[in-house]
Amino acid sequence: MKQAYKLAFWTIAGLTFQQAHAGTTTLNLTKPTGNPNSPQKLRTVSLGSLADNLFSDMRQLELETEADIRRDISRMSAVKAIYAIDVDAKNISATFSGTDNYKVRLTVGNLGLYTKVKFDGVNVLCPSVNVAVRLENLRPTATYNYYTGALEDIDVYYNRDVDVSCSGGLLSIPGISHFVNYFASDAATGVVDDLIKANLQQFAPLEQPGALFGMQEILSDSRVRGNVDAAERYLDIDIDNIIGNLVTGMNLTVSLKRDANGYGKHQAHIGVYQTAPTITAAWGGQFNASAPGANRISKYALSGTWRTSSWTPGLLYNNQFIGAIAYNRVYGIPSYLGQKQVTIGNCGKACE
């Protein structure tokens, strides 16, 4: 939030608004088709107002994280004014990826943070110093152990951008460096990563992969279960089975897009897919494709459209695009297209 209003006021106001204006959520279920020229199958289900509490939790995650950061920065004596603290979680996502050893990798995406504060100046040419920190592409990750049910190895990765209103090595000044280090990606000095991890664990039942980041209870509601089942039959998927047996190479992603304009028209997405192949080149026009958990990989080359008959190692031409689609060995679910551009450098004389 960019104004220093109290958290309690906004919490009450948000709950009151939600009660008076029930939202509606559109859920898109997707999976790859295995056809690179028509890459995705989609089915839409209306969830009505069933997901309202989940989206309210998303807003609460923003408010509580902003309040915690404001509390911590207010305790920094060198900070003279707080201009902005803005946590953006309105397009949050969670991707569950199957790995070996009966573990599941969780990656949370689309989180952002911006804060701007004021410090005393250092000389007549710089009477005050404004410092802004922006954290983009915050990616909390964790590993589930199916044997123990424990959440292991929680880390937060992000890109940090620091902007200072005056130049000249000001980041070394103790008060400013203390503020900037609060947002450091170094686990030994940074604080904000631990704060985000703690608040995320309150937002959704992260201790249980089957909870689907808060969506599973909604999908099982009798008011929408029939439509969800019909969509799964159309796509030939079983979400419960996949998330309960997330084998190597399989991925299930859940994304939630909150309507930040106040109209309550939210969007949700659940997609299942095999990890896309990695295409590697060898000398003499040889190209290989591999994907974890796959038992079959179809190869394509772009010649007007993607064609399976056009990828012949040694007969490709320079700058041609080649691609591959993998199929999971357990579920038979395809990946999206992995791509690579052929070059003389990795194809040799055979591509001239």
Side-chain angles (χ1 to χ4, degrees), residues 27-36 39-43 93-109 139-155 157 204-220 225 228-256 268-280 288-300 323-339:
L27 169 66
N28 291 323
L29 298 172
T30 63
K31 100 173 189 184
T33 62
N35 180 349
Q40 182 171 267
K41 293 181 71 174
L42 178 148
R43 208 66 166 180
S93 66
T95 300
F96 303 87
S97 302
T99 67
D100 53 7
N101 300 323
Y102 295 92
K103 293 185 178 182
V104 175
R105 191 66 172 165
L106 164 67
T107 303
V108 178
R139 302 176 306 282
T141 66
T143 301
Y144 291 107
N145 188 324
Y146 267 131
Y147 284 124
T148 64
L151 198 62
E152 306 169 349
D153 304 324
I154 307 175
D155 294 301
Y157 303 94
L206 293 179
E207 298 292 343
Q208 304 171 3
L212 292 179
F213 213 52
M215 280 294 294
Q216 182 60 352
E217 183 178 353
I218 296 168
L219 297 181
S220 62
R225 185 69 248 183
V228 172
D229 287 344
E232 288 181 317
R233 287 193 298 271
Y234 172 78
L235 298 173
D236 193 21
I237 60 174
D238 185 331
I239 293 173
D240 286 341
N241 187 38
I242 290 173
I243 194 62
N245 301 275
L246 201 56
V247 297
T248 300
M250 276 299 296
N251 304 274
L252 190 148
T253 185
V254 180
S255 60
L256 304 169
H269 169 241
I270 297 177
V272 297
Y273 56 96
Q274 156 69 30
T275 298
T278 299
I279 303 172
T280 55
N288 304 308
S290 61
N295 66 340
R296 178 167 66 91
I297 297 179
S298 299
K299 301 176 181 180
Y300 300 84
I325 291 176
Y327 292 80
N328 186 265
R329 68 166 55 96
V330 174
Y331 292 107
I333 291 177
S335 71
Y336 292 102
L337 186 74
Q339 298 185 49

Open item on the list: Measuring from atom CG of Leu252 to atom CZ of Phe96, what distance do you get when rounded to the nearest 0.5 angstrom?
Closed with: 7.0 Å
Open item on the list: Using the side chain to side chain donor-acceptor pair (under 3.5 Å) definition, which of the options Asn28, Thr253, Thr30 pairs with His269?
Closed with: Thr30
Open item on the list: Please determine whether side-chain contact (heavy atoms from CB on, under 4.5 Å) holds for the pair Leu256 and Met215, giving the CA-CA distance in whole Å, both sets of side-chain angles, and the decisive distance to 0.1 Å.
Closed with: CA-CA 9 Å; Leu256 304 169; Met215 280 294 294; 3.9 Å; yes
Task: Residues which pass side chain to side chain donor-acceptor pair (under 3.5 Å) with Tyr336, listed by chain and number, not counting sequence neighbours - done: Gln40
Task: Pairwise distance OH(Tyr273) to NZ(Lys31) - rounded to 0.5 angstrom - done: 15.0 Å
Open item on the list: Nearest 0.5 Å, please: how far is CG in Leu212 from CD1 in Ile270?
Closed with: 5.5 Å
Open item on the list: Between the side chains of Glu232 and Arg225, is the shortest nitrogen-to-carboxylate-oxygen separation below 4.0 Å, so that they form an ion pair?
Closed with: yes
TODO: Please report the closest heavy-atom contact between Ala291 and Gln274, naming both atoms and the distance.
DONE: CB-NE2, 3.8 Å
Task: Distance-minimising heavy-atom pair for Gly338 and Ile279 - done: O-CD1, 3.5 Å
Task: Derivation of the side-chain contact (heavy atoms from CB on, under 4.5 Å) call for Ile333 and Met250 - done: CA-CA 8 Å; Ile333 291 177; Met250 276 299 296; 3.8 Å; yes
Task: Tyr327 side, atom OH; Ser298 side, atom OG - distance, nearest 0.5 Å - done: 4.5 Å
Open item on the list: Tell me if a side-chain donor or acceptor on Thr275 pairs with a main-chain N or O of Gly249 at a distance below 3.5 Å.
Closed with: yes
Task: Minimum side-chain heavy-atom gap Gln216-Asp240 below 4.5 Å - done: yes
Task: Which residues share a side chain to side chain contact (heavy atoms under 4.5 Å, CB included) with Gln339, sequence neighbours left out - done: Trp306, Phe321, Leu337
Open item on the list: So, taking the atom named NZ in Lys103 and the one named OG1 in Thr248, what distance separates them when rounded to the nearest 0.5 Å?
Closed with: 12.5 Å
- [ ] Taking all non-hydrogen atoms of both residues into account, name the closest pair between Lys41 and Tyr234 and its distance.
- [x] NZ-O, 3.1 Å
Task: Non-hydrogen atoms of Leu106 and Ala94 that approach each other most closely - done: CD1-CB, 3.8 Å
Open item on the list: Less than 4.5 Å apart, side chain to side chain, heavy atoms only: is that true for Asn241 and Tyr331?
Closed with: yes
Task: All side chain to side chain contact (heavy atoms under 4.5 Å, CB included) counterparts of Ser97, not counting sequence neighbours - done: Thr95, Arg105, Asn251
- [ ] Taking only Lys NZ, Arg NE, NH1 and NH2, and the carboxylate oxygens of Asp or Glu, determine whether Arg233 and Asp229 approach each other closer than 4.0 Å.
- [x] no
- [ ] State, with a plain yes or no, whether a side-chain heavy atom of Leu235 is found less than 4.5 Å away from one of Leu29.
- [x] yes
TODO: Among Pro277, Pro32, Ser335, find the residue that satisfies the side-chain contact (heavy atoms from CB on, under 4.5 Å) test when tested with Ile325.
DONE: Ser335
